[in-house]
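Proteins get letters first, then strands, A, B, ... in listed order; numbering begins at 1 in each.
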Amino acid sequence: MALPPSFYDREVLEVARDLVGCVVEHEGLAGVIVETEAYHQSEPAAHSFVGRTARTAVLFGHPGQAYIYRSYGIHALLNAVCQGPDVGAAVLIRALQPLEGVARMHALRGVAREVDLCNGPGKLTQALAIDLDLHGTNLYEGPILIHPREDGWADPELVVGPRVGITKAADLPWRFCAAGSRYVSKPWPPGLRATLAP
DNA sequence: CATGGGATTGACT
DNA sequence: GTCAATCCCATGC
């Protein structure tokens, strides 16, 4: 069973933490979430900061919907809408550990190494064949589904840090990674990473 | 209606 | 480390 809408109807930082270890699935392609970032209308890095517009309407919509947008004109990025309706908050899925359909992910991505399949927000959407036409669909009825944590991910150790690739509110520690995972999009500094490796 | 910037990636130096 | 590619849409004239 997929996570219910109530899972997403909570404070966005909680949802971002709790999504690490959960499983994203689309068309038989699946991976374990190892990295997330939280976004909220109260801070300028969030798309919802500008308020409700045609572009951001989904962010202010029902919790558990997929907010998918194109970044730099090229990449599709997948977010899970939280807290609402009427609160513009979402969790960006930034990296997955490939789980099912790995051979097809390689075909979709065209890269050799397994760690390169889903270690970035634009990469994982390509690996799972997620495109903009799924914007506004929900994550509990599909086509994209997010499942609860499975065995081995019951209570993952998390590393918290600043978000990646943004210019505004770059200091907020709203990025959550599975400690020691080789599948995160950007490694932590060597010293810190060493203390957190499994 | 024209313009500019962005939550990125991959190729190249 | 640097840089271009390329689309959506908010903003401003």
Side-chain angles (χ1 to χ4, degrees), chain A residues 8 11-17 19-20 24 31 33-61 63 65-84 87-98 105-137 139 144 146 158-178 182-190:
Chain A
Y8 302 95
E11 205 268 322
V12 67
L13 291 175
E14 277 186 39
V15 179
R17 279 190 290 263
L19 275 176
V20 175
V24 181
I33 299 173
V34 295
E35 179 177 350
T36 63
E37 285 178 2
Y39 287 87
H40 188 272
Q41 65 190 66
S42 62
E43 43 91 16
H47 290 176
S48 51
F49 183 68
V50 298
R52 188 197 293 260
T53 65
R55 182 196 192 188
T56 61
V58 171
L59 283 173
F60 289 87
Q65 285 190 104
Y67 175 76
I68 305 174
Y69 78 101
R70 189 167 299 289
S71 174
Y72 290 87
I74 303 175
H75 309 285
L77 271 57
L78 172 65
N79 304 253
V81 175
C82 300
Q83 292 184 246
V87 178
V91 175
L92 170 67
I93 312 295
R94 284 194 56 89
L96 305 177
Q97 174 178 327
M105 291 187 193
H106 277 288
L108 286 163
R109 290 271 300 123
V111 295
R113 297 172 0 177
E114 182 181 325
V115 291
D116 291 326
L117 289 175
C118 300
N119 62 341
K123 299 179 183 180
L124 70 91
T125 54
Q126 186 182 10
L128 295 204
I130 293 171
D131 212 338
L132 291 189
D133 55 354
L134 297 173
H135 175 62
T137 63
L139 301 167
I144 308 169
I146 300 186
L158 298 183
V159 187
V160 182
R163 294 172 295 183
V164 176
I166 55 176
T167 57
K168 292 168 273 193
D171 53 321
L172 292 176
W174 284 9
R175 179 188 182 211
F176 304 94
C177 295
R182 310 190 322 279
Y183 298 94
V184 301
S185 63
K186 275 191 171 181
W188 248 267

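Each of dA7(B), dA5(C), dT9(B) was ranked by its minimum atom distance to the side chain of Leu77(A); first place goes to dA7(B).
Whole-Å rounding puts the Asp131(A) CG to dC7(C) P distance at 12 Å. To the nearest angstrom, C1' of dA7(B) lies 15 Å from CZ of Phe176(A). To the nearest angstrom, P of dA11(B) lies 12 Å from CD1 of Ile74(A). The distance between atom CG of Leu172(A) and atom P of dA7(B), rounded to the nearest whole Å, is 13 Å. The distance from atom CG of Leu124(A) to atom P of dA7(B) is 17 Å, rounded to the nearest whole Å. Taking atom OH on Tyr69(A) and atom P on dG5(B), their separation rounds to 17 Å, with Å as the unit. Rounded to whole Å, the distance from OH on Tyr72(A) to P on dT6(C) is 16 Å. Atoms NE2 (His135(A)) and P (dC7(C)) sit 18 Å apart, rounded to a whole Å.
The 5' end of DNA chain B is approached more closely, in terms of each residue's nearest nucleotide, by Val164(A) than by the other of Val164(A) and Gln126(A).
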| query | side-chain hydrogen bond (donor to acceptor under 3.5 Å, both in side chains) between Tyr8(A) and Gln83(A): does it pass, once the steps are laid out? | reply | CA-CA 6 Å; Tyr8(A) 302 95; Gln83(A) 292 184 246; over 6 Å; no

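For the residue pair Gln65(A)/Tyr67(A), the side-chain donor-acceptor check at 3.5 Å is not satisfied.
Remark: dA7(B) base-pairs with no nucleotide; criterion is Watson-Crick or G-U wobble with both hydrogen-bond distances under 3.5 Å. Across all strands shown, nothing is found opposite dT6(C) as a Watson-Crick or G-U wobble partner with both distances under 3.5 Å.
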Just the atom pairs and distances: protein N or O near nucleotides 8-10 of chain C's N or O, under 3.5 Å.
{"residue": "dA10(C)", "atom": "OP1", "partner": "Thr53(A)", "partner atom": "OG1", "Å": "2.9"}
{"residue": "dA10(C)", "atom": "OP1", "partner": "Arg55(A)", "partner atom": "N", "Å": "3.2"}

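Phosphate proximity of dT8(B) to Lys186(A): absent, as no side-chain N or O sits under 4.0 Å from OP1 or OP2.
Note on Ile166(A): only backbone sugar-phosphate atoms sit closer than 4.0 angstrom, heavy atoms only; bases stay farther off. At the heavy-atom level, Ser185(A) lies nowhere under 4.0 Å from the strands shown. The residue Arg94(A) sits close only to the backbone: its heavy atoms come under 4.0 Å of sugar-phosphate atoms, none of a base.
Here the straight-line distance linking atom CG of Leu117(A) with atom CG of Leu96(A) works out to 10.0 Å at 0.5 Å rounding. Residue Ile33(A) holds its CD1 atom at 4.0 Å from CD1 of Ile93(A), rounded to the nearest 0.5 Å.
For residues 105-113 of chain A, proximity to DNA chain C is found at no residue, defined as any non-hydrogen atom under 4.0 angstrom from a strand atom.
No cation-pi contact links Arg163(A) to Phe176(A), judged by a cut-off of 6.0 Å to the six-membered ring centre and 45° from its axis.
Using a 4.0 Å cut-off between charged side-chain N and carboxylate O, Arg70(A) and Asp131(A) make a salt bridge.
Checked against the 6.0 Å centroid criterion, the rings of His135(A) and Tyr69(A) do not qualify as a close aromatic pair.
Partners of His106(A) by ring pair (Phe, Tyr, Trp, His ring centres under 6.0 Å), not counting sequence neighbours: none found.
Here the side chain of Thr53(A) pairs a donor or acceptor atom with the backbone of Thr56(A) at under 3.5 angstrom.
Here the rule is side chain to side chain contact (heavy atoms under 4.5 Å, CB included) with Cys118(A), and of Arg94(A), Glu35(A), Gln126(A), Met105(A) only Met105(A) fits it.
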